[in-house]
Structures are given as structure tokens and as C-alpha cells.
Colleague: 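Just dropping this structure here.
Ligands are counted one by one from 1 in listed order, and the atoms in each one are counted from 1 as well.
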Amino acid sequence: MSISTLRQQLLAGETTPSAILERLAGDIADHDRQIGAYLCHDLESALAEAAAANLSLPLGGIPIAIKDNINVLGQPCTCGSKFLSENYRSPYDATVIRKLRAAGAIPFGRMNMDEFAMGSSTENSALQTTRNPHDTGRIPGGSSGGSAAAVAAGSAIAALGSDTGGSIRQPASHCGVVGLKPSYGRVSRYGLVAFASSLDQIGPLTRTVEDAALILQAIAGFDPADSTSLDVPAPDYLTEINAGVKGMKLGVPREYFGGGIDPGVRKNVEEAIQRLAAQGADIIEISLPHTEHAVATYYVIAPAEASSNLARFDGIRYGHRAANPADILDLYKKSREEGFGPEVKRRIILGTYVLSSGYYDAYYGRAQKIRTLIRRDFEDAFQKVDAIVSPVAPTPARRLGAYADDPLHEYLSDIFTLSANLAGIPGISVPCGLSDFDGGRNLPTGLQILGPHLGEAKLLQIARAAELASARPA
Ligand code: GLN
């Protein structure tokens, strides 16, 4: 059930927050073994919060599942890594958690993810495999794969994820749920374990667009504890949500419909765009000429920032500590060697390389310049259109284990989502129908809608129209 439906039932006295939690815990016990979305959950503490829930608040009594890189006081925060899975407990609430609680919600469940959010399949989790509820032989997408899979399977009402290069939108697309990456600065990152600080944002994964708006409303806003959060008041994301798309100009970027995109994805996305046109939107072809450089740019900047952020995992202050080191350098080396998985090591090596003297200008410096060009592409486009529509991922969910030895193939599949993070603009993925792919049947596909910086309200309005149109029988 969606948050809005549950809220009605709660207010009508037809259910209680405790009953909802007991029901979810039952679902997790019965079904999550097949899916593997939850790393753990703490029913007892959630029930204590439920007993005190204030139903008059906007999310009063609603449990929200939390990606395992967002700190919740007293709970584990493994980031899908062995480094933090042994003994780390969060000493504080992330700002988004504090805000969710202030809106009446109950954080419930720690969701599996690619280690330190590096990946697009959740297969890089060092802790467990998460499967796509639509086909358990396939990936849920990633890195917020646990969050997306639980919402799709019905074992969570809604969830928080994080998106550095697509990690909310792509798993939402693969699992057939809604996923919103807010503008950079819209939501506080305080208490989110940093991957690439100039790209990371927290956002909701939900069953409906309205639910995404409800959660964004609760978590958006200025936070003095995050120097990159913007001191700009958040508008009301629900007032215009049903206003439709009549007269809106929607840009279709040529570069997002080229070769390499699966025919089923293309068909579903094109039909979703046609449905928006039928509701009165103007469809305009546009160009984002630097798109082809997005993957290379992101895979320099994100690893560079990661190599710096992950320096704090040294065996001294956080998590895993190697036994019997010869000296302090050996302690650092062994702890990191034992604690990090292969993808994280690859990123740290890449990032250290592009930042090292002699290579800095050629790689990191150049990537920063191209990042500016990518941002300008969007600024130019938003002179002409209200929003941009595209696929989220080139294909529906692939099989588990495919491309296990081919990280480059995995990186290339991020082509449609990375640019929004590089430019700092918001993006949403909304389900746009099912498709067959690589032996799989009826796999979800997503429509991506990108908007100008801080343009979330309009994005939600368009996504709501797309959702309504795809729910209506043709
Ligand atoms: N797939 C991208 C990566 O591996 C994005 C991950 C994310 O958004 N956290 O870096």
C-alpha cells in the first residue's frame, strides 16, 4: 500500500502503526529470504516508536526503510561493507532521519546496497545478494537495490536511498517503483556516509509519485550541519502535483536515444512520451552535446572524491581493524586490504591515480572542465524546455552475475543517469511499462524526467501525469 492509502486507514482508525510494523515484519520473515533486500531490522525499537506515534503529522506512524549508508542512532550502518559490518553502531541520526521522525515517520529496516554505494546492481554488497522481485534471477539495480526491491516486493512502504550517479533512479526503474534524486543542496547529506561529496544526494523510493512528494517534503530544506545544503525554503510539493502537463515543453535529447538502447526500453519510453503529448505537452527535440563524455567524466570525479572520503577507513577510528600488525602503516594497509571489496579498491586506486601529481591536470582537471560543459548543456536546454524526458537505463534488469568480470560494461550502463549528478539537477524515474529482455519476461522499465535546479515541484507534476497515463488502459 502507498503512504497516502495507509494514512487514510490510520486516520480512520482501521489500522495502527504497530499493526503495520507487525505486518511488515511478517512479510519480511516470510518473503525476504528470496529477495534479500533487508540486512536487518529492529522491530522492538520501531514498535516503541509506533506506540508514541503522532498520527496528526504528515507521515505519522509510517515506517520508512533506510539504505544502509544513512546513520540512524544506535543502529548498524554497514554501507554493504565488511569494513563496517563487525562493530559499527551509529552514534547519531542523519538530518534526514531527524526530519523523518519530526514528520512522524518511523525508520524501520536497513537496506542492502553496493559496497559504499559503488555499483549499479547491488552485487557489490559484501554482505548478501539482493534479487529483483519481478524475476529473482536478475539484479534489482543499484546501488540502492535493497530499498527498491523491498518497495517493489511490498516488504517496505517506502524507502530512502542515495544517488551519486543514478543509484536511486536506476534501481527504481529496474524494480518498477518511483525514485527521486533531488537537486544538489536540496536535502542535507549530514549523516550520509560520503561516497562522492559533490554528487551525493539522498532521496525517496516509493510506490507512487505522491508518496515521493510526501517524503521529499519531509526531508528537504536547509541544514547548517551540511555546508552544501541550500538556504532556500522548500515549496509545497503537493499543491500542483495534479495540475497536468498541458502546455508544458518537454525536451527529448537526441543523444539519449542512440545505439545501444534496448528496443523494448525505447518503445516504452517513446510511448510514455506520446501519452504526455496526448495530455497536451509539447514535445521538442533537443541536444545535450556533451553527453558522450559523461561516463568518462563521472568515472574520474567520483573515484577521486571517493579515494579522499574513504581515507578515513584506516582501522583506527571506524570499523574493521586488522589483527597483529607489525606497525601503524601495516595496520592501515592490512585493515584496508581486508575490509574493502574489489570494486571499492578499484575506485580508490583509480581516484588516487587521477589526483596524483603529473596526472591531476590531464584527468581530474580536465574532468572538472567537462563537468562545466555538461552543466551548460542543461542550462541551455532549460532555456527552451520545462523538463527533459529520457530512458533511465539502456536495458531492463540484467541477469545476476552477467558482466561480473567487466566493470567497464557496468560503468557504460550509467550513461543516462550520471549527467544529472554532474550538473546538480533533479531527476525522477517513474515506471513506464514492462518489456521482455534477454530471456526475461515482463520486466519493468522507467521514464526519466530531468528538471532545472530546484525544479522538483514541476518534475513531480510531470511524473504524476506520466504515472496516471500509464495506469490508464490504452
Ligand atoms: N553506478 C554508479 C557508480 O557505480 C552510481 C552509483 C551511485 O549513484 N551511488 O558509481
Colleague: Check the orientation of Tyr92 and Tyr190. Use parallel for under 30°, tilted for 30 to 60°, and perpendicular for over 60°.
Modeller: tilted
Colleague: Determine the interplanar angle of the Phe382 and Phe378 rings, folded into 0 to 90°, and report it as parallel if under 30°, tilted if 30 to 60°, perpendicular if over 60°.
Modeller: parallel
Colleague: Could you tell me whether the side chains of Ser81 and Glu115 share a donor-acceptor contact shorter than 3.5 Å?
Modeller: yes
Colleague: Say whether Ser390 and Gln448, considering side chains only, have a donor N or O and an acceptor N or O under 3.5 Å apart.
Modeller: yes
Colleague: Going by the angle between their ring planes, with limits at 30° and 60°, are Phe116 and Phe340 parallel, tilted or perpendicular?
Modeller: perpendicular
Colleague: Mind checking what residues have non-hydrogen atoms under 4.0 angstrom from ligand 1?
Modeller: Ala117, Met118, Gly119, Ser120, Ser143, Asp163, Thr164, Gly165, Gly166, Ser167, Phe195, Tyr298, Tyr299, Arg347, Asp414
Colleague: Please enumerate all residues that pass ring-ring contact (aromatic ring centres under 6.0 Å, His included) together with His31, with sequence neighbours excluded.
Modeller: none
